[in-house]
Q: 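Before I ask anything, let me first share the structure, which is written out below as structure tokens.
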Amino acid sequence: MTDDAVIPMRDADAPPVNQAEPGAQARFLVFRLENSLYAIATQSVEQAALPQIPIRVPTMPPHYLGVVHMRGRIVTIINLPILLDIGHDEQAQDERLRRLLIVVSDRIPMGILVEEVVGIQEVPLSALAQKTEGRETSPFFGDLSVQEGQFDSSRGVVTVLNPDVILQGLRAYKTIR
Amino acid sequence: MNVERAGDEINVVLLRAAGRTFVMLPDKLAVVPASEAENAVESIDLAEYLGISSARSENRMEIEVKSSVGHVKFRAPGSVRIESLAKDAFYRLPMLLGEERCAGWVRGLVLLESEELCVWIDLALLAELDFAKK
């Protein structure tokens with residue numbers, strides 16, 4: 001991964017992970033968040049850009065960090081640690097490594113601030129372990145599985161996230177005021 | 001306040017407070033320094049609604065709004081100025097922050113010429129909601 005400000009990386013023609021043929025490989029963008037490794041299929045990642053400070057919108061629920069303006073449109077930045085119900089690590093992170101991922105589901109862009117983009121990894125789908133250990137307790141996802149599986153990388157176990165489920169969870173979670 | 005619109009431009013009031021800018025349409029607003037404002041009328045703390053905290057040294061003012069519940073005053077830190085913006089600088093809230101997730105008085109977003117993204121607020125509607133809450 002280079003330090004380019006904007007890295008286009010969407011494979012628009014690649015089939016979704018869950019529709020790929022047996023034996024096929026999938027490409028994942030691997031990133032670090034709260035000192036854990038996560039991945040999202042590259043076909044759902046539009047770009048990885050240098051981070052912008054999100055503008056907070058009054059009365060916005062805490063599972064959003066705010067909005068940014070990118071390429072003529074407004075992108076909502078989601079608070080993925082809250083959505084995944086993972087703790088926030090107060091340790092200072094290296095600001096130079098931080099990136100803003102633009103992930104698209106159902107043509108809706110969602111921004112995710114990550115601590116570091118580790119790189120792109122190609123993984124045989126058969127290597128995706130379905131084991132997911134007890135992290136799916138977040139009220140946002142209900143019975144939906146936001147974790148598609150896990151695979152090993154040189155830096156540790158990587159959990160694959162499903163952006164469609166993230167979007168479904170956000171749409172379903174109503175905040176009553 | 002006068003709302004003159006020229007072509008595709010519209011006059012707006014920019015409230016600059018706590019390092020952020022908020023945009024309001026001026027047609028129902030009057031802005032006076034806090035020192036000149038009448039103290040008898042109860043006023044609403046706008047900073048609390050906007051989720052900002054201002055420095056003690058920051059200017060304070062009152063913004064009077066004509067709403068369906070009468071004239072309502074908002075206390076606000078910072079300073080205001082009037083600016084003319086192109087209509088295409090206005091954006092609706094993104095779908096994820098739409099009507100079910102943000103209050104109705106948060107109307108949308110505005111991109112200033114300086115590329116600063118600002119929140120567009122409707123104080124008349126906020127006055128009505130605040131009145132209904134009491």
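Every chain is numbered from 1, with letters handed out A, B, ... down the list of sequences. Note: hydrogens, waters and symmetry copies are ignored here, and every other heavy atom, side chains too, is used.
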Q: Give a yes or no on whether a salt bridge exists between B:R16 and B:E116, defined as a side-chain N under 4.0 angstrom from a carboxylate O.
A: yes
Q: Under 4.0 Å between a Lys/Arg side-chain N and an Asp/Glu carboxylate O for A:E115 and A:R32?
A: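 So A:E115 pairs with A:R32 through a salt bridge.
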Q: What do you reckon, is CD of B:E113 surrounded by more than 12 foreign heavy atoms closer than 6.0 Å?
A: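 Result for CD/B:E113: open.
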Q: With a sphere of 6.0 Å drawn around CZ of A:R73, does it hold more than 12 non-hydrogen atoms of other residues, nucleotides or ligands?
A: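 More than 12 within 6.0 Å, yes.
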Q: Do you see a donor-acceptor pair shorter than 3.5 Å between the side chains of B:N59 and B:S79?
A: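 Side chains of B:N59 and B:S79: no pair found under 3.5 Å.
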Q: Using non-hydrogen atoms and a 4.5 Å limit, figure out which bit of B:Y49 sits close to chain A: side chain, backbone, both or neither.
A: backbone
Q: Highest number of heavy-atom pairs under 4.5 Å with chain A: which of B:L109, B:L50, B:L96, B:V106?
A: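 Answer, by heavy-atom pair count under 4.5 Å with chain A: B:L96.
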Q: Measuring from atom CG of B:D8 to atom CG of B:L85, what distance do you get when rounded to the nearest 0.5 angstrom?
A: 12.5 Å
Q: Any salt bridge between A:R71 and A:E46, counting N to O under 4.0 Å?
A: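 So A:R71 does not pair with A:E46 through a salt bridge.
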Q: Looking only at heavy atoms, which of residues 117-132 of chain B get nearer than 4.5 Å to chain A?
A: B:L117, B:V119
Q: Using a cut-off of under 4.5 Å for heavy-atom pairs, which of A:V68, A:V67, A:I74 has the most such pairs with chain B?
A: A:I74
